[in-house]
Structures are given as structure tokens and as C-alpha cells.
Amino acid sequence: MSAETTTPVPAPSDFIRDIVAADVAAKRYAKIVTRFPPEPNGYLHIGHAKSICLNFGIAREHSGHCNLRFDDTNPAKEDIEYVNSITHDVKWLVSGWADHCLGLKTKGATPALQTINGKADYYVPPVPQSKIENQESKIEAEPFFASAYFDALHAYAIELIKRGKAYVCDLSPEDTELYRGSPDKPGRNSPFRDRGVAENLDWFARMTAGEFPNATRSLRAKIDMASPNIWLRDPLLYRIRHTHHHQTGSKWCVYPLYDYAHCLSDYIEGITHSLCSLEFEVHRPLYDWILENLDLPRPLPKQYEFAKLRPSYMIVSKRKLLQLVNEGLVTGWDDPRMPTLSGLRRRGVPASAIRKLVHSVGVTKYESVTEIALLEHAIRDDLNKAAERRMAVLRPIKIVLTNIAPGDSIECEAVNNPQSDTPTTRKMNLTRDLFIESDDFAEVPPPKYFRLKPGGDVRLKYACIIHCDEVVKDASGAVVEIRCTADLTTRKGGPNSDRKVKGTIHWVSSSEAIDAEVRLYDRLFTVAEPDADGDFRRHFNPQSLETIGAKLEPALAHIGADAVVQFERLGYFTLDAIDSKSGALVFNRTITLRDNWAK
RNA sequence: UGCCCGAUGGUGUAAUGGUAGCACGAACGACUCUGACUCGUUCUGUCUAGGUUCGAGUCCUAGUCGGGCAGCCA
């Protein structure tokens, strides 16, 4: 029982896909290859989902592939925990949709040097999908890692030095900043800018050998200190960091910077379209400069930028999400209130609903805020078709059907999913004592109240119509039970089964009900843009979690661990993957049903 | 007061010089053994000013507003 739907949706169209389509038409590349390049320094969130869906979507639409590559060039901030969670999340999001496009490499593989037209060319091929799936000659595959290219990157750096395009600079970080100037004022050349090739080679070798402390020297591209683009003012390529790396251990003490590593990693993997968010727009000339100045033999990758996903009522910043975790505002990265993929998954949001959201949001260069309603609609739309229905009473109130004898049990047939083309059914037993939702009874009903009220009738779904005869209260005036008579002639197949009443409510037999903990979630923040004033914590919603004890129909004891079910008339719920135990079930509310009445 | 990018209803997005459309949302109504779903009706838009053109959301110029860039982060 899976919550995934497989309804085909037309391939989207946007400015990036137009570019790819034009490149395909012009036969510029043999195959379309994209990549999703997270830094393993946090969990993936819904913002990343946009990038994943875009990159895998394009690969899928052109029978190409999309490499999962860890951009792990800064060991100080990264951790193996994150590479594991990210790998898991990417596979989950793409599963059943673009699994076949996931580009992986042979475990342990590093780029091999080949010669094309007399030019040196590093390349690391992906593992063919057939080799991963083939049971006999199965190859162990893993994601790509920028750190697997450190040797190649280092060799390219030496090449840049030899071409007079890079130099070792002895300026301190502070002086480097001073020399860089400011956006409206040109920088000044470093005093070390004009060292000879041999000298640069020697210094770089000594940097690499670990002769110098952190940050005492750097390798810089020799471009233009007066450029109006800051990123062209002799940007750093390598820095000294005596730090253990989660993949390469203590092999290196010099680590490449993003701008240098990224374009070359793309090239080494044969990426054709390198898609990133808008803030890298000003880096694009540097991306191109590095590749062009190496005079590489194969077609170069091109970078294109698009606007990030910014959903309302959420924050999507790894740093700030980490803050929520560290400060204990949530239970962890996978707290069901978190906008992380692991949180959404635990909450019960299907991957297909996230893909649906991304599809409806589109891809542009306009930095918009996406209303959370769009996500909610995608989830409901997906789950309405996929989720089986069950009955659960969240806030029980006792009903006694006085004309049913104690111990009697009347079998009722309930439909599992009315949206299904071939609906199946299950049995539920109507007994003398029941629970209904306390909201479904009103002693003093408001106008146009359809549900149970003194002297009124209501239908118990899949059972029969009942009439409210008496409201029993305790000494304090609180309602303890409601005594009703059941009109068994209104059962399905009975002579009065067509009798109409305005309200139909859900119920469970009190003798058969099972108990469960139910966690009701609401948005994490109380305002649409929690970070607009710089302090998102001020807008934390203290009511974002409510835990209650509920009464469930017995069939709920047997649902699948990752199934999402609709509690009839209430919303969609799923078993909590961490805390739920057999015999002590814990349900998470994924989302409520739309409720026009409540408004 | 440097460089780069952007602007279409409340929100997101389409229209690639030729009827401003779709979705979400909201309001109302129909249907209903889920006040859900579905269906119907309604609502609201091309940032401003010039120019090119038979014709401009689209092209040009200027402006306005918003975002990004001065990590040895990515």
C-alpha cells in the first residue's frame, strides 16, 4: 500500500528547458547530463527538491542522466552523516520517477587521464544503469564526490600555473580583502602577482606538501584586479587547511574553493548543463574563465541560473534549520514540522506530491514567494486519489445506541477508497457503545449545523441514521454520554437506505476501538515570511504540535509502515516511522482535509 | 554612488511582435453516506514614461521598485 500516484503529467516548459531543447536540436552534445551538487553540511529541504526535480527532470526528458555529486571541498563544515541522509533523500524523491536517470560512479573511482587530440583530459564515467541492476555482474556504485577529483584538480592547477594564469600569493586573508577593493572601487595587484612560473610551481608544491600553516598562502587565478565583477579580481583557487576530510582523510592540506572545483568537476563528469541558483550568476564569468583557460578538448559545460523555491511559512536555509535543531525547537532534522525532505517524508508527504508542487511552481529568474497553499493542494490532490480511508475519532464522546443490545454486533461494509476505479471494502462492527467526534455533537448548534444535536438525526457513515434522544451530563454539567436510537432500516440495502439526512459523521465501536497517540501538526511559523525581520525564532508557532490520544477502528492496527491513510472527514495520517511500535501506535497528521465549513 | 539580474491578478506561471490564458486562492451555488472530492459561476493583472511598428506583456531608451555580488563558505 503506497501513497504514490503515477498519473502522467506533461513535461514542463521553462526557459532552461528551452535552452536544453535548442542544444539538443543543434546536436551540441552527445547526451544531456545534469547534476545535483549538494554540500554535505546539512539535510536536504524542499528548496533542494526544486533543483533535484529540475535536474532529474531534464535528464529524464532527454534520456540523459543526472549525477548526484557531493560538493565536498570544505572539510571543516562537512560530515558523513549528511552524505548518507542526502543520498537517501535524493533516491526517495526520484524513486518511481527518474531512478533510471540517477548517475552514480563505480565505488572508489577517480578520474582517469586520457589524451584527446593531443590534449590531456580527465574523465570519470558513470556506471551504466545495466551494470547496477544486473544481478550477476553487479558493480558497487556510489555518488560522485568532488573530493574524488582532488588529484585531477591539483594537476589542472599546475597547468594553470604553467600557462601563467595562476600564482601563489602570500597575502594574509585580511590583506587579500584589502587589496580586493570594493564593488565601486577597483582592487590593487598583489605584490606576489608577477612571480615566475618556476617559483609558483615550487611554492604550490610546498603548500601541498604541508610546509605552511593554515591561510598563510593561497593559489590565485591571475585575471583582473580592476574588474567590475568582484569574482574576477584574482579569485582564490586553493587555500591551506590542515583538516581531516571525511572522504580523503589526511591526504590533503590544500583544498580547492567552490568556483575552481565546481566547473572542473562538471567538466570531468561530462556535465552539459550546470544549473544553479541566482546568487551564482556573478560567478558565471569565472566558471567560464577557468574552463576556457585550460584549453580543454571536450565540449564545455554551461552554467544557467534560476530562482530558488521560497515557500511561505517556512524557512529554507540549512544554517537556520540547524539552529532550530540545536536550540531544541524541533526534535531533529526529521521533525515532521521541518521543511526538510526527511521531515516531510516522516510527516507522510509523498515524493510525488513534492514533484507535483515543483512542477506547478515552474522555473524562472524571478524571486517569488510560493504560497504554502500550493504545496497543500499538491499533497491533498495526490493523497485524495492514493490514500485508503479509515475511521478514527480524535476527541471522543460516548454514544449509546439504546435499541441495540449489549454484546450485539452489526456488520457494516465500508469502502476503502471511493476515488479508486475498483474500490475494495472492509468490515466494521456497529455496537451499542460508540465514540463519535465531540465536534460532531452540539448541544446548542450554530446555524446550519448539519451534525448531531438534541432531537436531531445524523447518519453514521456506512452504518445507519441515529436519532438523539437524551444528553447525559455529570454533576459539573459536562456531557458524559449521548443516548440515541439507531434506525436500522436505513442501513445499506435496508428499506429506508435512501433516506437523506444532512449530516454524515464518522464513528468507532468503543468495545473494538484501539488506542493510539496522534500528533497534530500545524505550520512551524505564524507569519508568511518568518525571516523577513531577521529573527525567525520570534515567529515560531508554539501550537505547531499537539499530541492527543485517539480511538481508531481496529483495521488501523494493520496498515503498512509507509502508508498514508485518510481518517475519514479529518485528514491524512501516517504511522510515525521512528516512534510508532506495534501495540503503541503513533500517527502523524500529514494534512487536514479542506474545511469550508470552519471558515 | 560600480557590476549583474529581475518585474504579468492576492499568489505562482503562460503567451517567443498578432484574441492576456492556466493553476492555486477567495466568494457564491450544485452534488454528496466525507461540510472532502467533483462540477458550475464570479473576482482581480502586463511597474512608469517615451520610442520603433499596421500592431508591443514581448523589441529599444530612460526611470521606478526589488534582489544579488566585496568568505581563504557553497
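A quick note: this is a predicted structure, and the numbers were derived from the prediction, not measured.
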task: Mark yes or no for a side-chain to base donor-acceptor pair under 3.5 Å between Glu371(A) and G10(B), with no hydrogen or angle criteria applied.
output: yes

query: Dot-bracket for RNA chain B, 5' to 3', counting Watson-Crick or G-U wobble pairs under 3.5 Å, with [ ] for crossing pairs and | for inter-strand pairs?
result: .((((((..((((....[..))))((((((.......))))))...(((((..]....))))))))))).....

message: Using heavy-atom distances to pick each residue's nearest nucleotide on RNA chain B, tell me which of Asn214(A) and Lys502(A) is more 5'.
response: Lys502(A)

message: Quick check on RNA chain B: between Arg451(A) and His283(A), whose nearest nucleotide comes earlier from the 5' end?
response: Arg451(A)

task: Starting at atom CG of Asp440(A), determine the distance to atom P of A36(B), rounded to an integer number of angstrom.
output: 14 Å

Hey, can you pull the donor-acceptor pairs under 3.5 Å for the side chains in residues 310-317 of chain A, sequence neighbours left out?
{"unit_1": "Ser312(A)", "atom_1": "OG", "unit_2": "Ile372(A)", "atom_2": "N", "d": "2.9"}
{"unit_1": "Ser317(A)", "atom_1": "OG", "unit_2": "Arg319(A)", "atom_2": "N", "d": "3.4"}
{"unit_1": "Ser317(A)", "atom_1": "OG", "unit_2": "Lys320(A)", "atom_2": "N", "d": "3.2"}

- request: Validate the cation-pi geometry between Arg241(A) and Tyr255(A): distance from NZ or CZ to the six-membered ring centre under 6.0 Å, angle to the ring axis within 45°.
  value: no

statement: To the nearest angstrom, the CG-C1' distance between Asp184(A) and A70(B) comes to 10 Å

- prompt: Quick one: Leu488(A) CG to C33(B) P, roughly how many Å, whole number?
  reply: 19 Å

- prompt: Salt bridge or not for Asp381(A) and Lys385(A), using N-O below 4.0 Å?
  reply: yes

message: Does the structure place the NZ or CZ of Arg217(A) under 6.0 Å from the centre of the six-membered ring of Phe212(A), at an angle of no more than 45° from the ring's axis?
response: yes

message: Between P on U34(B) and CZ on Arg380(A), what's the gap in Å once rounded to a whole number?
response: 18 Å

field: Minimal non-hydrogen separation, Asn429(A) against Glu411(A), with atom names
entry: OD1-CA, 3.7 Å

- prompt: His262(A) vs Tyr287(A) aromatic rings, parallel, tilted or perpendicular, using cut-offs 30° and 60°?
  reply: tilted

task: In whole angstrom, give me the gap between the P atoms of G29(B) and C47(B).
output: 36 Å

Report all interatomic pairs (protein N or O, nucleotide N or O of nucleotides 13-16 of chain B) with separations under 3.5 Å.
{"unit_1": "U13(B)", "atom_1": "OP1", "unit_2": "Thr364(A)", "atom_2": "OG1", "d": "2.9"}
{"unit_1": "U16(B)", "atom_1": "O4", "unit_2": "Asp18(A)", "atom_2": "OD2", "d": "2.7"}

